[in-house]
Amino acid sequence: MINKNEQKEIDLAKIANLCKRRGFIFQSSEIFGGLSSVWDYGPLGVELKKNIKDEWWKRNIYQRNDIEGLDASILMNQDVWKASGHLTNFADLLVDCKKCKKRFRSDKLDKPNCPDCGGELTQPRKFNLMFKTGTSSVEGQGQDIYLRPETAQGIFVNFSNVLTSSRRKLPFGIAQIGKAFRNEITTGNFTFRSREFEQMEIEYFVDPDQADKSYEYWLHERLNWYLDLGISKDNLKLRQHKKDELAHYARNCHDIEYLFPFGWSELEGIANRGDYDLRQHAKASGKELCYFDAAKKEKVVPYVIEPSGGVDRAFLAFLIDSYNEEKVKSEKRVFLKLHKKLAPIKAAVLPLLKNRPEIIETAKRLHKDIMSSYKVGYDDTASIGRLYRRQDEIGTLYCVTVDVQSLDDKKVTVRDRDTMQQVRIDMSNLKNYLDDNLKQ
Ligand code: ATP
């Protein structure tokens, strides 16, 4: 089995094609010509995305006792963005090509001329990435408001609400999953850099003395999450930001990078943000944002360790990493070797012959029996070879086939996605079989 993406001959066009054909991802507003770098998740895409978010939520909120969840609004008082620095600093430096008029981020260019046509570039200008909108019940008297460019600020401004209502002590975290919006200049690479995307962020509040230790812990915890969900070790790495790359408030920052077909790129950032955010919001709002340390009998402004990942980038990485092609009896087999917790469909019930009503009826009954426990599929619209190929290509873990013999012996054939091995089991045992194989 080939592991490394470099050797896999995998390109993004192949993945984008599969996504569209099989209903993972569609271009937004496609029938109207689309909207650049905005995407819709189709029937299988929503399942995969939901599974990714559920795994993150379980790991960080249910399976530990020091993080609370939050769902803050997308729209916030514009003073939040003044205090956080986004209104002045959340900008990319832009250059335009004088010849072909294309726009580029100057920090992403390694040559002084246009990478497309070689033309001369303008001087860099600041371009704020926040989408502006407004409240306006009276024409002309509204307030400018912004679609949040990250979920983190909703957490900082709720620091005291969560601390007081949950009676937490340091260290503790607040986690949230939600949409964020950025008017990105350089787009492309499928969903990697989108204008509307989802983030999974934790702000972990610690005593300043413990910040370095906690930072180290989170680097490995977050890396392990991707590894535990099946991403190949060879395709993941931690990269520390250089001094000149660090945001002015950040004391340390690493990116978890994945080897995408277009090269190593950021999946998630983990930063030690010091006490910058809480101090900024306290100063601007006039409200105290700190923690009273009863043992030391003093107020502490906690430091913040922030693991901040993107759902859509994780989605793309899981998809690319699980994509496999192999030759089976001189035919190409494409299968997504998605982790069982992520696979959008866990099992598919497939009748071997569609012109035998008893077979169809048995298959539909079996499907109904297991669909309250798992997301399962049913398909009787093609020959069995074709049905297997379809399920392999979307990462379905088990194909359950009902055949003529099943009517007599009350057994079905269960085929494993990865090994293609088949076992014959009692129909009455199907639910237990899936429980045993899916629940560990
Ligand atoms: P980049 O350098 O790639 O623009 P960033 O450093 O600006 O990313 P952060 O602000 O650290 O990104 O955001 C945290 C995470 O949110 C990123 O690691 C990424 O997974 C996700 N993310 C950020 N911008 C986008 C985007 N435009 N499209 C999809 N995901 C994004």
Side-chain angles (χ1 to χ4, degrees), residues 12 16 25 28 35-41 45 49 52-53 56 74 81 84-86 89-94 104-109 127-131 146-156 175-204 218-219 222-223 225-226 231 236-242 244-250 252-260 262-273 276-277 304-320:
L12 217 50
I25 299 176
S28 160
L35 177 64
S36 163
S37 294
V38 187
W39 302 95
D40 295 342
Y41 286 78
K49 206 178 189 198
I52 293 170
K53 292 189 280 186
W56 187 90
I74 288 173
W81 307 113
S84 66
H86 280 80
N89 296 326
F90 196 62
D92 281 341
L93 282 178
L94 260 192
F104 304 94
R105 262 170 69 171
S106 64
D107 63 325
K108 300 274 173 197
L109 296 178
F127 179 84
N128 197 296
L129 298 180
M130 285 200 291
F131 281 103
Y146 299 88
L147 301 187
R148 67 180 177 202
E150 59 175 36
T151 62
Q153 301 305 323
I155 296 182
F156 295 128
Q176 126 162 282
I177 299 177
K179 289 254 175 167
F181 303 82
R182 296 184 187 178
N183 198 357
E184 299 278 6
I185 323 295
T186 42
T187 51
N189 287 337
F190 197 25
T191 56
F192 179 81
R193 192 175 297 288
S194 305
R195 295 202 160 100
E196 173 176 343
F197 56 97
E198 267 185 289
Q199 290 187 311
M200 309 182 276
E201 295 196 299
I202 300 170
E203 305 303 330
Y204 197 76
W218 278 108
L219 291 185
R222 289 305 305 142
L223 192 69
W225 183 76
Y226 293 99
I231 296 231
L236 273 182
K237 71 175 182 200
L238 277 168
R239 183 184 72 80
Q240 186 169 25
H241 282 210
K242 298 184 203 90
D244 62 353
E245 222 185 320
L246 280 178
H248 64 97
Y249 49 78
N252 206 345
C253 187
H254 280 74
D255 287 343
I256 296 179
E257 293 191 335
Y258 178 73
L259 185 55
F260 286 95
F262 44 88
W264 287 100
S265 305
E266 175 179 343
L267 261 188
E268 171 158 349
I270 297 146
N272 175 353
R273 300 173 68 107
Y276 175 81
D277 306 275
V304 173
I305 309 303
E306 178 191 73
S308 168
V311 178
D312 311 75
R313 287 191 190 174
F315 185 112
L316 193 56
F318 283 124
L319 212 58
I320 292 168

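This structure is a prediction, so every number in the text was calculated from the model and none was measured. All ligand and atom numbering here is 1-based and tracks the order in the structure.
Atoms of ligand 1 lying under 4.0 Å from any heavy atom of Gly269, numbered from 1 in the order shown and given with element: 18 (O). Of all atoms in ligand 1, numbered sequentially from 1 with element shown, those under 4.0 Å from a heavy atom of Arg105 are 4 (O).
Using a non-hydrogen distance threshold of 4.0 Å, Glu245 does not register as a contact of ligand 1. Ligand 1 lies out of reach of Glu150, whose nearest heavy atom is not under 4.0 Å from it. Close to ligand 1: Leu267, with a non-hydrogen atom less than 4.0 angstrom away.
Atom 15 (C) of ligand 1 has Ser308 O, 3.6 Å as its closest protein atom, hydrogens excluded (heavy atom only). Atom 11 (O) of ligand 1 has its closest protein heavy atom at Glu266 OE2, 3.4 Å. The protein non-hydrogen atom at the shortest distance from atom 19 (C) of ligand 1 is Arg313 NH1, 3.5 Å. For atom 21 (C) of ligand 1, the closest non-hydrogen atom of the protein is Gly310 CA, 3.8 Å.
Ring pair Phe192/Phe262: centre-to-centre distance below 6.0 Å.
With Glu198 as reference, Lys49 is the one residue of Arg313, Lys179, Lys49 to meet the salt bridge (Lys or Arg N to Asp or Glu O under 4.0 Å) rule.
Checked by distance only, ligand 1 and Thr191 stay at 3.5 Å or farther apart across all their nitrogen or oxygen atoms. Between Phe197 and ligand 1, a contact under 3.5 Å exists for no N or O pair. For Arg193, a nitrogen or oxygen atom sits less than 3.5 Å from a nitrogen or oxygen atom of ligand 1, counting backbone and side chain alike. Any N or O atom pair closer than 3.5 Å counts here, and Glu201 shares no such pair with ligand 1. At a 3.5 angstrom cut-off on N or O pairs, Gln199 counts as close to ligand 1.
Inspection of the Tyr41 and Asp312 side chains reveals an N or O donor paired with an N or O acceptor under 3.5 Å.
Remark: among candidates Arg182, Glu257, Arg195, Glu268, the nearest residue to atom 12 (O) of ligand 1 is Arg182, based on non-hydrogen atoms.
Using a 4.0 Å cut-off between charged side-chain N and carboxylate O, Asp244 and Lys242 make no salt bridge.
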